[in-house]
Amino acid sequence: MDLPRPELFDFHGISLTHYFTDNWENVQNFQARPDDVVIASYPKAGNTWLSHILDLLFFGQMSPDRQTSIPLYFRVPDLEITFPDFQPGTDMLNNVLTSPRLIKTHLPVKYLPKSFWDQNCRIIYVSRNAKDSVSSYFHFERMTAMHPEPGDWSSYLHRFMEGKMVFGSWYDHVSSWWEKKQTYSKLHYMFYEDLTKDTGQEIDKLCTFLGLSPSAEEKKNILSRVHFTEMKTNKMVNHSLFNGMDFKISPFMRKGKIGDWKNHFTVAQNQEFDEHYKNKMKDTTLQFCTDV
Ligand code: A3P
C-alpha cells in the first residue's frame with residue numbers, strides 16, 4: 001500500500017500519529033468484559049510473540065483452524081488502531097464472538113480505558129530492555145508506512161532518549177506499568193529476555209496467572225510453534241499478509257535476540273545512553289537484562 005508517512009504529534013502529553021488517535025473517544029469509552037485478557041507493551045517488546053502464545057493456550061485445542069486461517073492481528077486485535085481498509089480495533093473487538101477476547105495495546109498505563117480496571121480484567125505486560133527495544137523499533141519504522149520515517153540511527157537514538165516516539169517515552173511506559181503492578185494484582189509483568197531464555201518456564205507462569213493447565217503434550221506443541229524460526233515462516237503470525245509493511249526493507253520477525261543492540265550502538269553512543277538511562281530510571285526498582 002502506498003501511503004504517506006504519518007506525522008508524529010503531541011497528544012495528551014505523548015507522541016502519537018493519527019492512526020492511533022483517530023478513534024480516541026471510542027477507545028477511551030471501550031466497554032471491557034470481565035474475562036478480557038489484555039496484552040500490553042511498548043512497541044517491539046514481543047507483543048506478537050506473547051499474543052501467539054496466548055492464542056494457542058486459549059484456542060489451540062478448541063479451534064485449531066483459527067491459527068492456520070486467520071492472521072494474528074485479527075485474532076488479537078489492536079485496541080487503538082485505525083488503518084485504511086481495516087475496521088478500527090474497537091469495532092473488531094466488539095465483533096469478537098469467542099471468549100476470552102485477547103486484546104493488544106501499546107497504550108501507556110494512564111490511557112488504558114477505565115472499563116478494564118472497573119471490570120478487573122487480567123492484563124499481561126511484556127517489557128524489553130531499552131537498547132534492544134530502540135534497535136528493533138528503528139528497523140520496524142524503516143519498513144512500515146504506519147509510522148513516521150525513522151531518519152538516521154544517531155538522531156533516532158536521541159529521539160528515543162527524549163521520548164519522541166510513537167507511544168511516547170519508553171522510560172515512562174515500562175516504569176509506570178511496573179508501578180501499576182504494585183497495586184493491581186491482576187497484572188502479570190514479564191520480560192522479553194526471560195521469555196527468550198526459558199520460554200517453557202514463562203509459559204508456566206502465564207498459565208498460573210491465567211488459571212490454565214495445558215497437558216504436557218499441548219505445552220510441547222505450543223513451545224515448538226512459538227519458536228522464532230517457526231514464527232518467522234508462519235504467514236499467519238509474521239505480518240507478511242499485512243500490506244502496510246515492506247519486507248524488502250526489513251522483515252517483521254527480524255532477529256529475535258537479546259543483545260542485537262551491540263550491532264547498532266557505537267561505544268560513544270553506549271556511554272551517553274547509559275548515563276542518560278541511569279538518570280531516567282533512578283526512581284524505579286525495575287531492572288533489565290541487556291545481554292545473554
Ligand atoms: P527484533 O526486531 O529484535 O527481531 P513486537 O511484536 O512487540 O512488535 O516485537 C517484535 C520483536 O519481537 C522483534 O524483535 C521480533 O523478532 C521479536 N519476536 C517475535 N517473535 C519472537 C520469538 N518467537 N522469539 C524471539 N523474538 C521474537
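Just follow the structure's listing: the first ligand is 1, and inside any ligand the first atom is 1. Nothing here was measured: the structure is a model prediction, and the numbers come from that model.
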Would you call [X] a ligand 1 contact, heavy-atom distance under 4.0 Å?
{"X": "Tyr192", "answer": "yes"}
{"X": "Arg128", "answer": "yes"}
{"X": "Asp260", "answer": "no"}
{"X": "Met253", "answer": "yes"}

Is [X] in polar range of ligand 1, meaning some N or O pair under 3.5 Å apart?
{"X": "Tyr42", "answer": "no"}
{"X": "Arg254", "answer": "yes"}
{"X": "Met231", "answer": "no"}
{"X": "Gly256", "answer": "yes"}
{"X": "Trp49", "answer": "yes"}

Nearest 0.5 Å please: distance from the CD atom of Glu272 over to the OH atom of Tyr277. 16.0 Å
Regarding Tyr156 and His264, is there a side-chain donor-to-acceptor distance under 3.5 Å anywhere?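 No, no side-chain donor-acceptor pair sits under 3.5 Å.
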Using distance alone, with no hydrogens and no angle criterion, decide if Asp65 and Ser63 have a side-chain donor and acceptor under 3.5 Å apart.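 Checked: Asp65/Ser63 side chains show no N/O donor-acceptor pair below 3.5 Å.
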Please name the pair of heavy atoms, one in His52 and one in Arg75, separated by the smallest distance, quoted to 0.1 Å.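 Scanning both residues, the minimum pair turns out to be ND1-NH1, 4.3 Å.
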Atom 13 (C) of ligand 1: which protein heavy atom is closest, and how many Å away?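 For atom 13 (C) of ligand 1, the nearest protein heavy atom comes out as Ser136 OG, 3.9 Å.
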For atom 8 (O) of ligand 1, which protein heavy atom lies nearest, and how many Å away is it?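 Looking only at protein heavy atoms, the one closest to atom 8 (O) of ligand 1 is Lys44 NZ, 2.9 Å.
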Is it true that the NZ or CZ of Lys180 lies under 6.0 Å from the centre of Trp117's six-membered ring and within 45 degrees of the ring axis?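 Verdict for Trp117: a cation-pi partner in Lys180.
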Lys181 to Trp178 six-membered ring, cation-pi geometry met (6.0 Å, 45°): yes
Out of Arg254, Lys255, Lys44, which one pairs with His139 under the side chain to side chain contact (heavy atoms under 4.5 Å, CB included) rule?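 Result: among Arg254, Lys255, Lys44, Arg254 is the only option passing the side chain to side chain contact (heavy atoms under 4.5 Å, CB included) with His139.
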side-chain hydrogen bond (donor to acceptor under 3.5 Å, both in side chains), that's the test. Do Asn47 and Ser51 meet it? Break it down for me. CA-CA 6 Å; Asn47 201 304; Ser51 296; 3.2 Å; yes
